[in-house]
Amino acid sequence: MRDDIAISVKNVSKSFRLPHEQHSGFKQFLINALTKGVKKGYENQHVLSDVYFEIKKGEFFGVVGRNGSGKSTLLKILAGIYNPDRGEVSVNGTLVPFIELGVGFNPELTGRENVFLNGALLGFSRKEIDTMYKEIVDFAELNRFMDQKLKNYSSGMQVRLAFSIAIRAQSDILVLDEVLAVGDEAFQRKCFAYFAELKKQKKTVILVTHSMDSVQQFCTRAMLIDKGEVLQIGKTSRVAEKYTELNNIPRATLTEKIKSKNVATKSQVDVKADCSVGDDFISFSISAGSARLLPDTVVTIVINKSSGEKVFQWSTDHESEEPIIINKSNPVFIRLKIANIFPDGRYDVQIGVKTVDRSTLYGIFNQICTFDIVNPNPKKRDSNWKPAVKAEVIIK
Amino acid sequence: MFVNLRRTLKRKNIILLRELVITDFKLRYQGSFLGYVWSLLRPLLLFAIMYLVFVYFLRFGEGIEHFAVSLLLGIVMWTFFSEATNQGMRAIIDRGDLLRKINFPKYILVISATISALINFTLNLIVVFVFMLLDGVNFGWTALLFPFTILLLYIFSLSLAFFLAAVNVKFRDIGHIWEILLQALFYATPILYPVQMVMAFSVTAAQFLLLNPLAALFQNSRAQLFGYENVVTPSQLFSSTLWLAIPYMIILATIFISIWYFRRSQSKFAEIV
């Protein structure tokens, strides 16, 4: 291995035998013996196939992938917890994995005793822990609780203690698995400060995360794995893009377009609507025509959750006070683009054509279209449901 | 650099082993009123019962000098053997939480489980020695051999623990099987009864009995402490060295098979546990 390479993974494959039921039982043994393995009590699941990559020294390497893509298995192989079925992993230097914080924590021991136990798992002797004990406790802000049993700690306190010990770990390579996923905002800030510090120290770090923000903020390079294969490796922006793309397959789909059915008493208008749902915007293009002249109309759009709750309402007179004149031969076109800030779920759209004073209803179209939102980026969600709206009304 | 790495790895293992033993000891008697005293009290109370039943009522070992303390020593040694193998057997399956999250030599877990049994054993032996002094046992120079016999007993128990721990990961029934086997071994080892009793029945049976490595170790340690004239040892029953070697060959075979099996299966522990 070259000297500047910290980790090299060559054609690593791994599969697990997943037992269907209790596979070690006597019943299964008999079934296996009688059916000569035709009806096996297990199936092979290929978790990683032919994974190949190298990490240079000093790199902050991100590993992303959806749940069940094989990230954790890969980490466990890097950490030496699992052995690959095929392929080769070489690690140049000492490696400390944090598959989980607080490994070996025992609820029956006091906080203090757990510090020594967890420290031992990281390779620290009693003496070494003794010298940094005060720092660990101060950082975790748990001075008052160290002689209490761990089972009486809140989960947040446990995480704080574990993290304070973890950051003392001295090794050439650090493997961090979704440590960020736990803890409150203050804790996450501490995590980020620690990452920044590691980056400054030019440590080799492998970070597994779902957050594209942290990948782009900290990582120098990243890798996307899906179904056990490396999909993309290289620039973080490219990997983040691909990851979003991958997540977006079921992101926002137009489930069905129900034929516009006018449920108003007198069918005086004809409305056609098209909607498309994107990551950032929901766009509508609507056309409304009529067999006769309607001189003072507004077109209204209401988006309802499938539960019936109204989340959005807009009408053409939001744009201009001028009423729309729908002519015999000239339908009106409306293009509406609203920011996609809604929570996940199923929505339907209702379009109405009314007089400006809302006294007469020319037509109302329920569920003119229905769509689902599965948004990978929860940050954009706004519970106030006040999206930015861009509208264009074209009257020919 | 390579040597350096090996040294730190070794140091790390010792730190971990130490911490695991300490934890184990702290947890064992947590919440109990008498705490550590139990590890002394248990074999003593067991001894009291057995003494009452077998020596007082059934008159076992009548006419044999120091038979009562010899019974106590047997019980203490047996307690160690059964504790070490039972705890060792559970050592891997009980620490699945560690195995799945961090890579460290798996043998540390088994050693740590047997070491806490060994600490108990040492404490118990001190009590046995006090009783021996009270009983007026004269220690000869052979008493110096006793620690080596104990070392052999420890190595034998440890290897069995390695084997059982590895089997237990795949095949949990071993816990039940071992429980029965231990019960059988308890009677196949001269703990309650003197070998003289078996010899009175049949010399061949006594010879067969002493092929059991535990029997050989127990009798040898008694002879070393109480004097060879009071205890029947394998060397008194067998004239050929080949027969004498059999218990030790069994021990040796156990060591090799156990280590081979443990090493072979340890890479899969984290996945199966």
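Just so it is clear: chains get the letters A, B, ... in the order the sequence lines come, proteins before strands, and each one is counted from 1.
Residue-environment remark: CD (E179(B)) stays at or below the threshold of 12 foreign heavy atoms within 6.0 Å. Taking a 6.0 Å sphere around NZ of K10(A), one finds it holds 12 or fewer heavy atoms contributed by other residues, nucleotides or ligands. Other residues, nucleotides and ligands contribute more than 12 heavy atoms inside 6.0 Å of the CZ atom of F139(A).
The OG atom of S125(A) sits 8.5 Å away from atom CZ of R18(B), with the distance rounded to the nearest 0.5 Å.
Between R28(B) and E108(A) there is no salt bridge, since no side-chain N of the basic residue sits under 4.0 Å from a carboxylate O of the acidic one.
Heavy atoms closer than 4.5 Å to chain B are found in both the backbone and the side chain of N83(A). Interface remark: I102(B) contributes backbone and side-chain atoms alike to the contact with chain A (heavy atom separation under 4.5 Å). Residue contact with chain B, scored on non-hydrogen atoms closer than 4.5 Å, involves the backbone of F124(A) exclusively. Neither the backbone nor the side chain of K127(A) has a heavy atom closer than 4.5 Å to any heavy atom of chain B. Heavy atoms of R100(B) lying under 4.5 Å from chain A belong to its backbone as well as its side chain.
The candidate from T23(B), L20(B), L99(B) with the greatest count of non-hydrogen atom pairs under 4.5 Å with chain A is T23(B). Per-residue heavy-atom pair counts under 4.5 Å with chain A were compared for L16(B), D97(B), I15(B), and the maximum is reached by I15(B).
L98(B) approaches G104(A) most closely through the heavy-atom pair CD2-CA, 3.4 Å.
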For residues 264-273 of chain B, tabulate all N or O donor-acceptor pairs below 3.5 Å that involve a side-chain atom, not counting sequence neighbours.
residue: S265(B); atom: OG; partner: Y261(B); partner atom: O; Å: 2.6
residue: E271(B); atom: OE1; partner: K14(A); partner atom: NZ; Å: 3.4
residue: E271(B); atom: OE2; partner: K14(A); partner atom: NZ; Å: 2.6

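K76(A) places no side-chain N or O within 3.5 Å of a backbone atom of K101(B) that could act as its donor or acceptor partner.
When I81(A), L95(A), V96(A) are each tested for a side chain to side chain contact (heavy atoms under 4.5 Å, CB included) with N103(B), only one passes: I81(A).
The side-chain heavy atoms of I22(B) and R126(A), taken from C-beta on, include a pair separated by under 4.5 Å.
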